[in-house]
Amino acid sequence: MSKNNKSLRVIEPVSSIPVSAPNLSVLERQYLLDAFDSGWISSRGPYIEAFEGKFREFQKVPYALSVCNGTCALHLALLALGIQPDDEVIVPTLTYVASANAIRYTGATPVFIDSEPDTWNMDVSKLETALTPRTKAILVVHLYGNPCDMDPILAFAKKNGLAVVEDVAEAFGSQYKGQRVGGFGDIGVFSFFGNKTITTGEGGMVTTNQPNLNSKMLHLKSQGMSATNYYYFDIVGYNYRMTNLEAALGLAQLERAEKFITKKRENAQIYSRELGNMKDVTLPVEVSYAYNTYWMYSILIKESSAISRDTVREALQKKGIETRPFFYPCHLLPMYEKNGVSFKIAEDVSRRGLNLPSSTLLSEEEIVHICNTLKSIGLS
Ligand SMILES: *Cc1c(COP(=O)(O)O)cnc(C)c1O
């Protein structure tokens with residue numbers, strides 16, 4: 001297998017810096033063309049097993065199943081855990097909408113909780129207030145690369161008989177107390193969308209330590225085909241399979257993953273060094289239990305700043321620097337809002353949060369340029 005990772009990035013005008021861009025090399029190209037040439041372009045073929053095998057190794061888990069995207073991975077996880085209409089699943093309000101949607105797909109109700117002011121992850125101390133007799137699971141989201149405080153979450157889940165799903169879409173490679181996230185709960189869910197730390201274009205993975213959950217997910221993702229009776233279908237299943245072409249990309253990405261993680265952390269170091277003295281900006285944290293992979297390098301514009309987050313975004317855009325505002329908290333979206341429900345920390349963080357360019361293709365000069373631009377538009 002080729003060790004040549006030379007980037008094939010099309011050179012864009014120097015003025016245009018995207019929030020994120022896939023890091024595709026000659027290795028991805030080689031595997032992709034190999035899959036293409038083999039004729040195995042659908043969801044069977046050797047790259048599927050190779051990718052899943054390498055993923056198990058990387059995550060140090062006994063089971064990993066590839067799926068067609070991160071959203072269906074979440075749905076599959078909740079289905080395998082038996083989540084049904086009338087059940088409730090606790091989920092942070094500050095997350096990508098797919099986390100809440102997947103709960104809704106099962107007919108269950110997402111019960112939102114607020115965020116911590118420093119890590120922006122779900123506030124573990126609020127779990128108790130969200131608990132009802134209908135609660136069946138907690139959907140933990142490791143936001144923007146920062147791992148959640150798993151010990152108290154797992155203790156709470158155990159005490160109350162709840163399942164735990166980890167949404168690792170944004171935290172591939174991140175660690176909690178020295179161990180990769182995704183293996184703490186019952187099921188770990190990954191996304192390989194084009195802007196994620198490793199990508200297959202569209203794609204996802206579910207991992208578990210439990211053989212029964214793995215069999216259920218395999219059954220559900222392959223149209224409900226019986227494991228023992230070929231082409232006999234004994235439940236209403238889904239087609240949630242990944243293609244061999246995507247898996248070829250995934251295998252190449254996984255072989256280069258350690259480099260991506262190191263580069264994401266280097267990006268963060270440069271940003272933090274350059275922005276560290278600014279009184280208008282709050283930097284992301286890495287608390288003692290965390291190994292943050294900074295999927296996005298995220299900052300808050302302080303309340304006391306003379307310019308708002310949105311003004312900062314526009315000014316950067318004019319200078320050719322793309323940014324992304326934080327997610328709207330799910331409880332403020334029309335499908336999920338309820339009169340009078342508010343989560344103050346999540347709302348505040350969402351309004352002031354900004355994701356800066358975070359691609360593994362960024363040079364140190366580009367990051368310094370972004371930081372200098374932030375200063376030049378009037379932030380101090
Ligand atoms: C990207 C993402 C997903 C879903 O991923 P897709 O592959 O785009 O379906 C789910 N949860 C979170 C937190 C994400 O960031």
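Atoms within a ligand are numbered from 1 in the order they appear, just like the ligands themselves. Because the structure is a prediction, the values reported are computed rather than measured.
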Set of residues that line ligand 1, where lining means a heavy atom lies under 4.0 Å from it = Asn69, Gly70, Thr71, Leu74, Thr95, Tyr96, Ala98, Ser99, Val141, Asp167, Ala169, Glu170, Ser191, Phe193, Lys196, Gly203
Please confirm whether Tyr144 and Phe327 have ring centers closer than 6.0 angstrom.
-> yes
Could you list all the side chain to side chain donor-acceptor pair (under 3.5 Å) pairs where at least one residue sits in residues 304-315, not counting sequence neighbours?
-> Ser308-Thr311, Arg313-Thr323
With Gln59, which residues qualify under side-chain hydrogen bond (donor to acceptor under 3.5 Å, both in side chains), at least two apart?
-> none
Apply salt bridge (Lys or Arg N to Asp or Glu O under 4.0 Å) to the pair Arg352 and Asp348, showing each step before the final yes or no.
-> CA-CA 6 Å; Arg352 297 191 292 112; Asp348 174 54; 2.8 Å; yes
Throw together a table of side-chain donor-acceptor distances under 3.5 angstrom for residues 39-46, partners on residues two or more places apart or in other chains.
residue : atom : partner : partner atom : Å
Ser43   : OG   : Arg241  : NE           : 3.0
Arg44   : NH2  : Tyr230  : OH           : 3.4

Aromatic ring centroids of Tyr231 and Phe233 under 6.0 Å?
-> yes
